[in-house]
*Asks:* 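Got a structure here, written out as C-alpha cells. Questions coming.
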Amino acid sequence: METLSEEQAKLEQRGSLDKTIGDVQATIDLLVNARYAIITNPDSAGKALATLQTPVKKSFDRVKADLSEIHTALSEYGKALPKASKDKPFPTAENDALSSHPSLVNRAIAMHLLREGQFGVASTFIAEANSHPPHTAAIPDTSSGLSDGIRWEQDFADGTFKSESLQRQFGEMYHILSSLRQHHDLGPAIVWARWHSAILEARGSNLEFELHRLQFVCLFLGVAPLNGQSSFSGDDSNGPLKAWQYAKTHFAPFQARYGREIQQLLGALAFHQNLSDSPYRRTFHTDSAWEDVATSFTREFCSLLGLSADSPLYIAATAGAIALPTLVKLQNIMKEKRTEWTTVHELPVPTPLPPHLIFHSIFVCPVSKEQATDANPPMMMPCGHVIAKESLDRISKGARFKCPYCPSESRPSEARKVVL
Amino acid sequence: MAEPTTTKLNPETHLLLDQPLLRMPYELSRKNYKAASRIFEQHRDATLKDLKNSANAALSAPDAPKALSDLDAMISRLQTLKRKLSDLQQTEENIQRQSKARIAHLNELYQIPSLADVKYDEWSRVRLDRLLVDYLLRSGYGESARQLAQEKGIEELVDVEAFVECFRIEESLRKGQPKAALLWCADNKQALKKINSNLEFELRLQQYIEMIRTGDTQKLMEATMYARKFLAPHQDTNFAIRAAGLLAFPPDTPAEPYKTLYSSARWEHLATLFVQTHHSLFSLPPRPLLHIALSAGLSALKTPFCHSQTASCSENALSSTTSVCPICSTELNTLARNVPYAHHTKSHVENDPVVLPNGRIYGSERLRQFNEMVGTAPGKIKDPRDPMGTAYDESQVKKVYIS
C-alpha cells in the first residue's frame with residue numbers, strides 16, 4: 001500500500017496536463033508572432049507562413065511528447081495497481097440468495113438507516129424505492145416456498161409494516177441517547193425505563209436502577225446536566241441533601257433487589273465532605289458511566305423491539321468481509337480440481353470469526369462431527385455426555401449401550417433432548 | 001484443526017471487496033488521457049493542414065488580410081484546444097484527489113493490529129457505508145446514495161457520478177431510446193473494440209428493427225441503407241443476414257428468430273447488456289458488492305439454530321445477559337433462510353455448562369448472574385428464557401459434558 005501511495009504521488013505529478021497546456025500555449029505564441037510579423041510587413045505573408053510550418057510542427061511534437069509521458073506514467077501506475085489485487089477473486093453469482101430478493105435487501109437497508117439515526121437518508125431512500133421498485137434480476141427464484149409477496153415499499157407507504165412506528169421508535173431512541181450523551185440528562189431515559197419497568201425486570205436488566213443510581217450520583221456531586229437546567233445549581237453543599245431527597249422518593253421500589261447497592265449509596269452520604277478518601281470513591285467515579293449507560297440503554301431498547309443492538313447489516317457485512325478470503329480460496333480450489341460442493345445447507349469449510357461475532361452456542365457431535373439441527377438434536381445421556389441423536393441411534397441400535405466417552409451404560413430411552 | 005474464532009487481520013487478503021475502489025479512478029484517468037490525446041490529434045491535424053494550405057496560397061498569390069484571417073482561425077482553434085485540455089486537467093485533478101483519499105483509506109487498514117480492535121470497527125463501518133452507496137447506485141437510487149455519501153463524508157470514496165450516468169443510460173434504453181447509449185459507445189469506441197463488445201451492433205440492430213417495424217416503404221429503404229452502413233461490418237456474417245431477413249417478415253410473425261428480434265423484451269436485454277459492458281469496461285464487479293459481502297456474511301454467521309423451531313439458549317431477546325443474533329433479527333432473518341450455514345468442526349459453548357431439568361443448557365456463571373439480577377430466592381434457579389416460570393431447586397441443576 002505504501003508503494004502504491006508513492007506511485008500515486010508520482011502519477012499525480014507526471015500525469016498532469018499542465019505541461020501539455022504550456023506547450024500548446026507556446027504553439028499559440030508562435031502563431032501570434034507570425035501574425036504580428038505579417039501585420040508589420042504585409043508583403044512577407046507567404047514567406048512568414050511558409051517558415052512557420054516547421055516550428056509549429058516541432059511545437060506540436062513537443063505537445064505529443066508531453067502526452068506520451070503522461071501515458072507512460074499512467075501505465076506504470078496501472079502496473080503497480082494489480083499487485084494489490086492478485087487474482088480476480090469475486091465470488092461467482094451461482095449461489096446468490098440475495099439477487100432474487102431485492103425488496104428484502106431494500107427493507108434491511110431501510111431499517112439499517114433508521115436504526116443508525118439517518119432519518120433523512122432513510123426517507124429519501126424509501127421515496128426513491130417506492131417510485132422505482134427494484135428490477136428483479138432474471139435469476140431463478142431460490143426460495144420456492146417463501147411467501148414474501150409483500151411489497152415492503154407499499155407497506156412502508158401505508159404504514160402497515162412497522163416502518164412508521166419503527167421510525168418513531170428509533171426517533172425516540174435517538175432523542176433519549178442524545179440527552180444522555182450530549183446533555184448528560186437522565187430524565188427521558190428514566191421515564192422510558194419506568195414505562196417499561198416490568199419487562200426490563202423480567203429480562204433481568206438493571207438498567208432502570210442504573211439510571212437512578214447515576215442520577216443519585218450526579219445530584220450528590222452537584223453535577224448539572226450540560227444544558228444547564230436551573231434546578232441544578234452548582235451549589236455543592238446542597239448536593240448530598242438533594243441526593244438524600246432523591247433516594248427517599250425513588251429508591252423504594254428497588255429495595256428488594258438492590259438493597260446492598262442502595263445501602264452503599266446512602267452510606268456514602270456520611271462521607272460527603274471527603275469523598276475522595278472514602279471507601280466509596282469508586283462508586284462515584286462517573287467518567288465512563290454515561291457511555292456505559294447509553295450502550296446498555298441501546299441494547300435494551302433494541303432487544304425490546306426484537307432487534308439486535310448492533311445493526312445486523314453492519315455485522316453481516318463485517319463477517320462477510322472476514323469470511324470472504326476463505327470462501328474465495330475455496331472457490332479457486334473447486335475450480336481447479338473441478339469438484340462440486342455437495343453440502344447445500346452447510347459451507348464446506350470453517351470460516352473463523354472473531355469472538356464478538358459469535359452469537360449462538362455451537363454443538364458439533366463428537367461422534368459424527370456434524371452440527372446439531374432440528375432433525376438431529378443433541379441428546380444427553382444419564383452420565384452427562386452429549387452426542388447427536390443420529391449418532392445415539394447408530395451406536396445403541398435401540399438396545400443398552402456404553403457411552404462412547406465414559407464407562408457408564410444406559411438405554412437410548414434414558415437419553416434426553418437438550419437445548420443449547 | 002481450525003479454531004472457531006480468530007482475530008487475526010491480514011490486510012492483503014482482507015481487501016477483496018475494495019479493488020474497484022482503486023481501479024475506477026485509474027480507468028477514469030485513462031479515459032481522460034485518451035480524450036486529451038484524441039482532441040489534441042484532431043486539432044493538430046486540422047491546424048497543420050490549414051497552415052500548409054494557407055502558406056501555399058500565400059506563396060502563389062500574396063494576400064495579407066487572407067493570411068491574417070487564416071492565422072486568426074488557427075489561433076482560436078488552438079485556444080479551444082487549450083481550454084478543453086484545461087477542463088480535462090480539472091477532471092484529472094479531481095480523480096487524483098479521489099485516488100489519494102482511497103489509498104489513504106485502504107492504508108488505514110494496514111495500521112490496524114487485529115479484528116478485535118476498535119479501529120477495525122470504525123473502518124468496517126466506513127466500508128459498510130461504501131457498500132451501501134454502491135448498492136444504492138446500482139439500484140438506481142442516486143439521490144439516496146448522494147445523501148448518504150454526503151452525511152457520512154465519504155464522497156471521495158464512492159463513484160456517484162459514474163453510476164448515475166450509467167443508470168440514466170440504462171433507463172433510457174428501457175424506455176426505448178438508444179441515443180444516449182450510442183453516444184456513450186462513440187465516447188468509448190477504442191475501449192469497446194478492445195474488449196470485443198457487441199453493444200454498438202446490438203444497438204444499431206435495434207434501431208434498424210424499429211425502422212422496419214413501421215412498415216413504411218420509405219423507412220424500409222432507409223433501413224436497408226442503415227444496415228449496409230452499420231450492420232454489415234459485423235464479424236459474423238450471419239448477423240447481417242439475419243437482419244436482412246427481417247425485411248421479409250412482418251412484426252407479428254410467429255417465425256423464429258425474427259419473433260424474438262421484434263420482441264420489445266429486446267430493450268430490456270439491451271439495458272442489461274449496456275450495464276454489463278459498462279461495468280466490465282470500468283472493471284466493476286457485475287454484482288453489487290453488498291450482495292457479495294452479505295451472502296458471505298450471512299453464511300458465516302448462520303447456525304442451524306437461526307431458523308430453528310426451538311429457541312436457542314445462548315441467544316435470545318428475553319434476557320439481557322445475551323445479545324440478539326443478527327441473523328435472528330428481523331432485518332436479515334428471511335434473507336438468510338436460503339444461504340448455507342457456517343461449518344464448524346468443534347463445539348463452542350459457554351464455560352462450565354449445566355443443564356436445567358427442562359433440558360436447557362447454560363453456562364453456570366451466566367445462569368448465576370441472571371438469577372442474581374432477577375432476584376431469585378436463594379437455593380433456587382430460574383430459566384433465563386422463562387423468568388416468570390417455575391424456579392428449580394439448585395440440586396436439580398446438573399453438570400453436562402460437551403466435547
Side-chain angles (χ1 to χ4, degrees), chain A residues 1 5 8 12 17 21 24 28 31 35 42 45-46 49-50 60 67 85 90 97-98 104 108 111 121 124-125 128 142 202-205 257 303 307-308 312 314-320 323-325 346-347 350-352 354-355 359-364 366 373-374 384-386 418-420, chain B residues 2 5-7 13 16 19 37 44 55 58-59 62 64 67 71 75 78 82 85 89 96 103 107 115 124 128 141 144 147-148 285 291 293 296-297 300-301 303-305 308 314-315 317 320 324-326 329 331-332 335 338-339 343-344 347-349 359-361 370 373-375 387 401 403:
Chain A
M1 217 24 84
S5 175
Q8 191 272 333
E12 193 171 5
L17 283 165
I21 294 169
V24 171
I28 295 175
L31 293 175
R35 189 176 185 278
L49 286 178
F60 274 137
L67 280 172
S85 48
F90 285 110
L98 296 175
L104 281 177
M111 287 177 80
V121 183
T124 312
F125 173 62
E128 267 190 312
T142 43
R203 287 168 46 79
S205 158
R257 270 172 75 193
S303 294
L307 304 173
S308 63
Y314 163 71
I315 295 177
T318 307
L324 257 184
E346 188 172 352
L347 291 179
T351 44
F359 295 87
H360 290 279
S361 292
I362 306 289
F363 179 73
V364 178
T373 58
D374 271 3
H385 286 108
V386 183
V418 289
V419 185
L420 273 119
Chain B
T5 67
T6 180
T7 54
T13 55
L16 280 177
Q19 299 167 39
S37 54
R44 177 194 61 185
L59 279 178
L71 269 179
I75 290 170
L78 287 186
K82 195 179 144 196
L85 288 178
Q89 171 61 14
Q96 289 307 328
I103 292 174
N107 211 5
L115 293 174
S124 188
L128 175 65
Y141 306 139
S144 317
Q147 214 173 327
L148 182 62
H291 281 189
L301 289 169
T303 69
F305 295 113
S308 158
S314 41
E315 174 282 322
S320 71
V324 178
C325 155
S329 195
E331 288 101 319
L332 298 179
L335 270 180
N338 299 304
V339 301
H343 178 80
H344 290 276
S347 293
H348 178 85
V349 290
R360 293 195 166 270
I361 295 179
F370 173 81
M373 277 175 166
V374 252
Y401 303 96
S403 45

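So that the names make sense, note that chain A is the first sequence line, chain B the second, and so on, each numbered from 1.
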*Asks:* Looking only at non-hydrogen atoms, find the nearest pair between B:Leu78 and A:Phe60 and report the distance.
*Replies:* CD2-CZ, 3.8 Å
*Asks:* Looking only at heavy atoms and a cut-off of under 4.5 Å, which of A:Thr373, A:Val418, A:Val386 has the most pairs with chain B?
*Replies:*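 Answer, by heavy-atom pair count under 4.5 Å with chain B: A:Val418.
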*Asks:* Starting at CD1 of A:Ile362, measure out to NE2 of B:His343 and round the result to the nearest 0.5 Å.
*Replies:* 11.5 Å
*Asks:* Please answer whether the main-chain N or O of B:Ile103 pairs with a side-chain N or O of A:Gln8 as donor and acceptor at a distance below 3.5 Å.
*Replies:* no
*Asks:* B:Ser37, B:Ala300, B:Ala296, B:Ser124: which one forms the most heavy-atom pairs within less than 4.5 Å of chain A?
*Replies:* B:Ser124
*Asks:* What distance separates A:Leu104 CG from B:Leu335 CG, expressed to the nearest 0.5 Å?
*Replies:*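 Going from CG on A:Leu104 over to CG on B:Leu335, the span is 4.5 Å.
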*Asks:* With rounding to the nearest 0.5 Å, note down the distance linking CD1 in B:Ile361 to CZ in A:Phe363.
*Replies:* 8.0 Å
*Asks:* For B:Leu71 and A:Leu49, run side chain to side chain contact (heavy atoms under 4.5 Å, CB included): C-alpha distance rounded to whole Å, both residues' side-chain angles, the deciding distance at 0.1 Å, then the answer.
*Replies:* CA-CA 9 Å; B:Leu71 269 179; A:Leu49 286 178; 4.0 Å; yes
*Asks:* Pick whichever of B:Ala58, B:Pro326, B:Gly297 has the most heavy-atom pairs under 4.5 Å with chain A.
*Replies:*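 That would be B:Pro326.
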*Asks:* Quick check on A:Ala317 against chain B: is it the side chain, the backbone, both or neither that has a heavy atom closer than 4.5 Å?
*Replies:* both
*Asks:* Partners of B:Thr303 by side-chain hydrogen bond (donor to acceptor under 3.5 Å, both in side chains), sequence neighbours excluded?
*Replies:*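 Once residues adjacent in sequence are excluded, B:Thr303 has no partner under the side-chain hydrogen bond (donor to acceptor under 3.5 Å, both in side chains) criterion.
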*Asks:* What are the two closest heavy atoms between A:Tyr314 and B:Leu128, and how far apart are they?
*Replies:* CA-CD2, 3.5 Å
*Asks:* Which heavy atom of A:Val121 sits nearest a heavy atom of B:Ser144, and at what distance?
*Replies:*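 Reported closest heavy-atom pair: CG1-O, 3.8 Å.
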*Asks:* Parallel, tilted or perpendicular, judged at 30° and 60°: which one describes the rings of A:His385 and B:Tyr401?
*Replies:*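 Rings of A:His385 and B:Tyr401: tilted, as their planes differ by 30° to 60°.
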*Asks:* Run the side-chain hydrogen bond (donor to acceptor under 3.5 Å, both in side chains) test against B:Gln89 and tell me which residues pass, sequence neighbours left out.
*Replies:*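 Expected list: A:Ser16, B:Glu93.
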*Asks:* Go through the atoms of B:Leu115 and report whether side chain, backbone, both or neither lie under 4.5 Å from a heavy atom of chain A.
*Replies:* both
